[in-house]
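Have a look at the structure below before the remarks.
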Amino acid sequence: MNGRAKEADNVQEQINGSWYAARLRVRYQESDQMGVVYHANYLNWFEIGRTEMIRQMGYTYRKMEEQGLLLPVTGLDVKYHKPARYDDEIIIFTRIAAFSGLRLNYEYDIRRMSEEPDEHMAIGERVWSADEPLPGERLVTGSTQHVWVNGDWKPVRLDKAASELYSALEKVWLSGKG
């Protein structure tokens with residue numbers, strides 16, 4: 001690998017990206033007999049967070065797939081702080097943690113919302129800056145690591161394959177850099 005290719009694969013990390021939000025209510029099928037959310041369901045919620053973040057940026061996973069792009073998970077970290085329970089209102093906060101033409105990493109903060117009306121502001125219609133406190137009670141935090149591939153599961157450079165999407169992601173990523 002030449003120096004330029006090696007440099008292009010370097011994933012640049014940040015710790016102050018903007019948070020995007022997706023709201024859901026815990027369904028009965030997501031909880032166990034104790035009324036507690038089954039641990040693997042949080043991973044589905046991470047996916048919901050990623051999907052909705054991309055949608056809020058004006059793009060969709062469907063459009064990415066139509067362009068022949070896939071974004072499989074290559075790594076996963078999760079920390080359980082408190083359990084979510086049946087019928088809780090949940091907010092999945094998602095942000096870009098690292099970004100390059102080949103890789104994309106996300107960070108998640110899943111929170112339970114209280115019954116206070118102030119916390120029910122236009123979730124999904126606003127973005128939280130890195131220095132703003134997130135509303136709600138922290139339940140789960142985590143991250144996922146991804147690599148861009150084509151339909152044959154070969155790594156692909158996003159900046160070459162889908163420059164519009166690359167630019168949108170780069171803009172979001174850079175907006176969080178201090």
Side-chain angles (χ1 to χ4, degrees), residues 11 13-65 69-99 103-148 165 168-169 172-173 175-178:
V11 177
E13 294 188 29
Q14 67 178 40
I15 56 170
N16 61 346
S18 299
W19 292 100
Y20 289 73
R23 178 190 308 245
L24 63 87
R25 187 166 295 277
V26 177
R27 298 170 297 176
Y28 187 76
Q29 70 186 33
E30 294 170 314
S31 60
D32 61 19
Q33 199 169 17
M34 298 176 289
V36 173
V37 170
Y38 179 66
H39 69 277
N41 283 315
Y42 295 99
L43 307 183
N44 292 327
W45 295 355
F46 286 1
E47 182 179 4
I48 290 169
R50 290 191 301 273
T51 302
E52 292 306 312
M53 179 182 182
I54 294 290
R55 186 180 316 282
Q56 290 173 36
M57 292 168 43
Y59 225 81
T60 66
Y61 265 82
R62 179 182 303 245
K63 185 174 179 181
M64 287 174 12
E65 290 171 354
L69 294 169
L70 303 172
L71 189 61
V73 175
T74 59
L76 167 73
D77 298 297
V78 63
K79 180 165 175 60
Y80 301 97
H81 301 272
K82 294 181 180 180
R85 300 186 182 279
Y86 169 64
D87 206 38
D88 282 349
E89 185 177 5
I90 301 299
I91 304 297
I92 308 157
F93 289 97
T94 306
R95 68 179 172 184
I96 296 173
F99 174 73
R103 302 180 193 282
L104 180 60
N105 298 350
Y106 290 98
E107 188 174 272
Y108 310 91
D109 194 333
I110 297 177
R111 293 176 171 252
R112 176 180 15 248
M113 302 307 283
S114 73
E115 298 301 319
E116 298 298 317
D118 290 353
E119 287 193 358
H120 296 269
M121 63 209 97
I123 302 291
E125 296 175 12
R126 69 163 290 206
V127 176
W128 278 258
S129 67
D131 56 354
E132 266 184 283
L134 298 177
E137 177 184 19
R138 175 176 283 161
L139 304 177
V140 173
T141 54
S143 63
T144 53
Q145 299 80 50
H146 307 260
V147 64
W148 294 103
L165 176 57
L169 288 167
V172 167
W173 187 78
S175 73
K177 292 190 77 163

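Residue numbers run from 1 in the order of the sequence given.
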Shortest non-hydrogen pair, Met34 vs Arg85, comes out as O-NH1, 4.2 Å
Nearest heavy-atom contact between Pro135 and Phe93 is CD-CZ, 3.6 Å
Rounding to 0.5 Å, atoms OG1 (Thr51) and CE (Met64) come to a distance of 8.0 Å
To the nearest 0.5 Å, atom CZ of Arg138 lies from atom CD1 of Ile110 at 11.0 Å
CD1 (Ile92) and CE (Met53) are apart, to the nearest 0.5 Å, by 13.0 Å
Item to complete: Show your working on side chain to side chain contact (heavy atoms under 4.5 Å, CB included) between Phe99 and Asn105 and close with a plain yes or no.
Response: CA-CA 6 Å; Phe99 174 73; Asn105 298 350; over 6 Å; no
Ring pair (Phe, Tyr, Trp, His ring centres under 6.0 Å) filter on Tyr80, not counting sequence neighbours, yields Tyr42
Exercise. So do the side chains of Leu169 and Met57 get within less than 4.5 Å of each other, counting heavy atoms only?
Worked result: yes
Across all chains, not counting sequence neighbours, the salt bridge (Lys or Arg N to Asp or Glu O under 4.0 Å) partners of Asp88 are Arg112
What one should report as the nearest heavy-atom pair of Tyr86 and Ser31 is CB-OG, 3.9 Å
Taking every heavy atom of Glu132 against every heavy atom of Val127, the minimum-distance pair comes out as OE1-O, 4.0 Å
field: Side chain proximity check, Arg111 to Glu137, heavy atoms < 4.5 angstrom
entry: no
Below 4.5 Å, heavy atoms only, C-beta onward: do Phe46 and Val78 meet side chain to side chain? yes
Quick note, salt bridge (charged side-chain N to carboxylate O under 4.0 Å, His left out) partners involving residues 29-41, not counting sequence neighbours, are Arg27-Glu30
Show your working on side chain to side chain contact (heavy atoms under 4.5 Å, CB included) between Asn44 and Tyr38 and close with a plain yes or no.
-> CA-CA 11 Å; Asn44 292 327; Tyr38 179 66; over 6 Å; no
CG (Leu71) and NE2 (His146) are apart, to the nearest 0.5 Å, by 5.5 Å
Scanning both residues in full, the closest heavy-atom pair of Trp19 with Ser129 reads CD1-O, 4.3 Å
Taken in chain and number order and not counting sequence neighbours, the residues that satisfy salt bridge (Lys or Arg N to Asp or Glu O under 4.0 Å) with Arg50 are none
Applying ring pair (Phe, Tyr, Trp, His ring centres under 6.0 Å) to Trp148 and not counting sequence neighbours gives none
**OP:** With the side chain counted from C-beta on, respond yes when Glu52 and Tyr20 share a heavy-atom pair under 4.5 Å apart, and no when they do not.
**Re:** no
Side-chain donor/acceptor of Gln145 to backbone N/O of Arg103, under 3.5 Å | no
Those residues at least two apart in sequence (or on a different chain) that pass salt bridge (Lys or Arg N to Asp or Glu O under 4.0 Å) with Glu65 are none
Note: Ala84 and Leu139 closest approach over all heavy atoms is CB-CD1, 3.7 Å
One should read off an interatomic distance between Tyr106 OH and Thr94 OG1, to the nearest 0.5 angstrom, of 8.5 Å
Value for CD1 (Ile90) from CD1 (Ile48), rounded to nearest 0.5 Å, stands at 11.0 Å
Margin query: So Val140 and Trp45, do their side chains get closer than 4.5 Å, heavy atoms only?
Written below: no
So does Thr60 get a backbone contact from the side chain of Arg55, meaning a donor-acceptor N/O pair under 3.5 Å? no
